[in-house]
Amino acid sequence: MAYPYKINSHLSIFLIALFLMAIGITMVYSASAILANEWVKDSYYFLKKQLLGASIGIILALLMGSINYKALQKIVKPVVIVCMLFLALTLIPELSKEAGGARRWFKVGFLVFSPLEFIKVAAIIFIADYLARKEDLIKNFEKGLFPILIVLGILFVIILIQRSLGTVIIIGAVAFSMLIIGGARIGHILGTILLILPFAYSLIYNVDYRKRRILAFLNPWDDPSDKGYHIIQSFLALGSGGLFGKGLGESKQKLFYLPAPHTDFIFSVIGEEVGCIGTTFIIILFIIFAWIGFKIAASASDLFGRYLAFGITTMISSQALLNIGVVTGVVPTTGVPLPFISFGNSSLISVMMGVGMLISVSKKNRYV
Amino acid sequence: MKNNLIEFDKAKKKLQHLSIFFFVVLLAILIRLFYLQVVKGNYFCQVSEKNRIQLIPIPAPRGVVYDCKETPLVKIGPSFDIMVVQIGLKKEDIENIARKLSCILNIKTEKIIAFINKKKSLPCEPALVAENVSKDVVIRIAEHKMELPGVIIQVNPKRFYVYGELASHLLGYIGEVSKKDIERDEERRYKTGDLIGKTGIEKTLDDYLRGENGGKQVEVDAKGRKIRILSCKEPKAGRNVYLTINRQVQEIAEEAIKDKQGAVVILNSDNGKVLALVSKPSFNPNMFTSRLGNEVVKKILEHPNHIFMNRAIQAEYSPGSVFKIIVKTAALEKNIINIKKKVFCKGKYFLGKKEFKCWEKAGHGEVDLLKAIIKSCNVYFYGLGAMVGINSIVDVAEKFGIGEKTNIVLSEEKKGLLPSPRWKREKFNEGWYLGETINCSVGQGYLLVTPIQMACMISGVGNKEVIYRPMLIEKVENSNRDELIDYEKPEVKYRLNFKDKTLKLLDEGLKDVVRLGTGWRACVWRLKVAGKTGTSQNPHGEDHAWFVCYTEINGVNLGICILVEHGGGGGKAAAPIAGEILSKIKMQGIIL
């Protein structure tokens with residue numbers, strides 16, 4: 001396949017990931033130092049953890065990049081089962097850790113990790129493998145599409161028990177995009193989505209906190225001290241940054257006004273400290289990342305590689321879109337971390353594993 | 001392959017459709033960002049500068065701890081604190097103030113300066129100089145107000161342990177939450193600077209006692225002036241705890257043991273309520289509530305006598321002759337001895353060539369079972385133990401809860417050790433020797449028990465049917481005293497199921513121990529006390545003295561255990577303490 005493709009894309013995607021991660025480490029420190037000092041009297045507390053996560057992430061990315069991604073096809077089923085098992089285990093209170101009303105973290109000794117972040121990657125591998133094997137059947141609803149929809153449905157129910165709508169939205173978006181790319185009929189997909197809508201509606205309006213979030217999204221200024229608080233604080237942060245920002249470390253909103261300034265709302269702190277220039281720059285970095293990712297997918301040497309690369313790129317870019325959408329008030333509040341940048345080792349490590357798979361796919365297609 | 005390429009083109013087309021969708025969302029976000037940051041930037045900037053929300057914490061008052069008669073043992077009281085605000089003061093001024101305060105407060109000048117300097121970086125915040133000062137000091141400072149600029153008197157809530165050292169191990173103390181606690185705390189209950197229970201009841205019931213801190217969200221302008229209160233979360237006061245402890249009994253017990261090292265446990269054998277739980281040496285928990293730091297605390301921590309150890313539940317000792325109660329029970333239950341049969345004690349017992357001594361060097365002469373328990377004759381029990389066998393002894397000991405935690409609510413409890421042939425095989429991979437059975441029969445060897453276990457055991461003998469789990473918490477109520485939140489129910493831990501004859505002989509024997517035998521010092525006029533002395537040899541020095549007893553007093557059945565570390569003989573050192581406690585309870589007519 002003589003695809004006009006000369007840039008060393010596995011190197012460039014790795015460099016962009018590193019660059020985004022470096023921005024993340026800087027901003028996590030800036031956003032969390034005072035908070036951490038107040039909380040555990042150690043302003044480097046989150047920085048240290050993020051550095052650890054980044055190191056593990058880089059090592060895993062390089063490791064994944066150096067093995068053949070086709071090996072993943074062989075271990076996909078056990079991986080998915082183990083991930084689901086961990087997910088189920090987080091429901092056992094003795095083993096898990098609760099934060100913000102959701103039970104999503106899993107404890108192993110001193111390590112705390114969230115299987116939700118890893119299930120995203122595992123689901124992508126699983127769907128890619130399925131699409132590659134059932135290539136011819138996917139147009140057939142009963143034999144091709146229906147089985148995978150059932151599996152996804154079960155997965156979504158388990159994740160919703162963990163009260164993580166954000167993860168479901170991400171996996172759902174990625175899965176449907178992959179199915180469309182994999183050849184499923186648009187009509188089938190749209191039909192399925194229409195069938196799901198009533199469930200989604202009841203899910204949102206029956207869960208009090210989600211309903212409040214949606215209402216707050218629709219009109220945040222109605223009640224600035226309560227429901228709209230998060231979004232307004234985020235607007236204030238972004239707005240007071242202006243075009244050039246207040247300068248690194250100068251954010252005032254991060255000082256106990258902004259919820260989770262180092263995790264889900266880190267983009268607001270970036271906006272306040274480095275302004276519109278900085279936020280646009282980060283968005284451009286994500287666009288380049290997505291562009292290279294899709295190129296890797298397009299020139300993959302086999303179907304599995306293509307779907308895998310496509311899925312991972314879609315996952316990372318849709319997470320970025322959703323997160324930035326939340327903090328700018330374009331999308332209702334959902335807890336999704338900003339890939340590479342938000343504090344959180346599980347997210348960082350799983351995303352870097354994805355980058356490693358992209359590298360592996362990209363390396364193969366150079367020699368075809 | 002060709003088919004593949006056609007598919008590929010189709011996929012590419014679909015990819016293009018998808019990316020259009022992506023870019024629409026992206027564009028929306030970019031426009032939004034531009035709108036928020038550039039177009040509306042100035043506006044938001046002003047809002048952000050003008051409207052500041054400040055969070056002012058309101059700490060919750062900690063719950064009160066009462067005894068069973070609703071006498072407060074631990075409460076919150078006002079503490080008059082002397083503070084210095086150093087803003088606007090020169091170095092000489094501060095030195096001057098420190099010198100004057102030093103005269104009034106009786107603290108060294110340098111120390112006061114050091115306290116003030118702690119807040120050097122925050123000159124607007126008052127620095128604490130002295131806590132809980134007397135009214136005289138408050139008056140003197142008020143009189144000299146003009147010469148002491150920046151000195152203020154603040155009334156802060158402080159935790160008071162009303163009776164000082166009384167029941168200090170049981171009540172525990174509070175202190176600032178440690179970094180480790182915060183990291184380990186998954187529910188994020190604590191924040192740096194919070195006070196939490198560190199030991200005893202303060203720790204066990206911390207979740208009840210602590211309450212929930214409240215806070216105010218106050219909107220302030222750029223100069224920090226309050227504009228309005230946005231929301232206010234009232235602090236939830238901690239819950240009040242009522243213990244089963246009787247303050248008067250606890251006081252009597254602590255007076256009786258004086259300054260000896262040891263422990264006293266007094267239980268109600270009809271329901272397991274703990275009436276007194278003493279561990280000596282004790283400490284004064286009031287020292288720990290100081291926010292100034294304290295050298296005395298460090299001294300206590302480093303003290304060689306392990307002052308913090310709650311000896312009543314944490315210290316493990318050989319039971320000595322107290323264990324003969326169990327061997328006797330085992331023998332009677334197995335029904336293998338003629339209780340009238342006499343053994344001649346000449347002060348020694350031989351197993352092969354190995355010699356086991358009786359504590360009475362001259363020997364007890366002819367002894368039967370009753371005399372053996374009255375005089376605590378080792379030789380008789382060596383033989384009896386060998387006859388009964390280790391397995392039967394272990395069976396009975398298990399029924400009495402030896403080697404198992406009593407599950408009192410205090411978290412620091414130890415479980416002691418009940419050796420058995422199986423235990424020895426697992427631990428050392430060795431067989432059990434008869435010599436070890438013989439040692440065990442008089443409560444020596446591997447055997448280890450805690451005073452609370454012994455108190456439970458003797459309560460069981462007194463109760464004759466069951467042993468209750470020792471309970472400490474009468475009830476937990478909310479701060480308005482109108483809602484019952486938690487309580488401990490009497491809970492049967494062990495059922496004894498011994499024969500009537502066994503119980504009768506045991507009761508008679510133990511009564512005679514106090515009437516005629518080694519426990520005569522625990523004899524109280526018009527009180528039927530049944531007990532057993534014990535002397536436990538140990539490698540660290542003088543023997544530990546034990547005395548356990550049960551009796552009915554003012555209509556309540558009590559089980560008592562006394563332990564005096566390195567006190568010598570149980571009859572001499574421990575029994576008189578029990579005697580003193582019982583006679584005082586009787587004389588003072590304390591309603592239990």
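Rounding to the nearest 0.5 Å gives a distance of 9.0 Å between OG1 of A/Thr280 and CZ of B/Phe34. Atom CG of B/Leu26 sits about 6.0 Å away from atom CD1 of A/Ile283, to the nearest 0.5 Å. We find the CG-CG distance between A/Leu238 and B/Leu36 to be 6.0 Å, quoted to the nearest 0.5 Å. If you take CD1 on B/Ile29 and CG on A/Leu322, they are separated by 8.5 Å, rounding to the nearest 0.5 Å. Residue B/Gln37 holds its CD atom at 8.5 Å from CG of A/Leu243, rounded to the nearest 0.5 Å.
Atom NZ of B/Lys493 has more than 12 neighbouring heavy atoms from other residues, nucleotides or ligands inside a 6.0 Å radius. Counted within 6.0 Å of NZ on B/Lys415, heavy atoms from surrounding residues, nucleotides or ligands total 12 or fewer; the atom is thus considered open.
When heavy atoms are compared at a cutoff of 4.5 Å, A/Phe267 approaches chain B solely by way of its side chain, counted from C-beta outward. Of the two parts of A/Phe310, only the side chain, counted from C-beta on, holds a non-hydrogen atom closer than 4.5 Å to a non-hydrogen atom of chain B.
The two atoms that bring A/Thr328 and B/Arg32 nearest to each other are O-NE, 2.6 Å, heavy atoms only.
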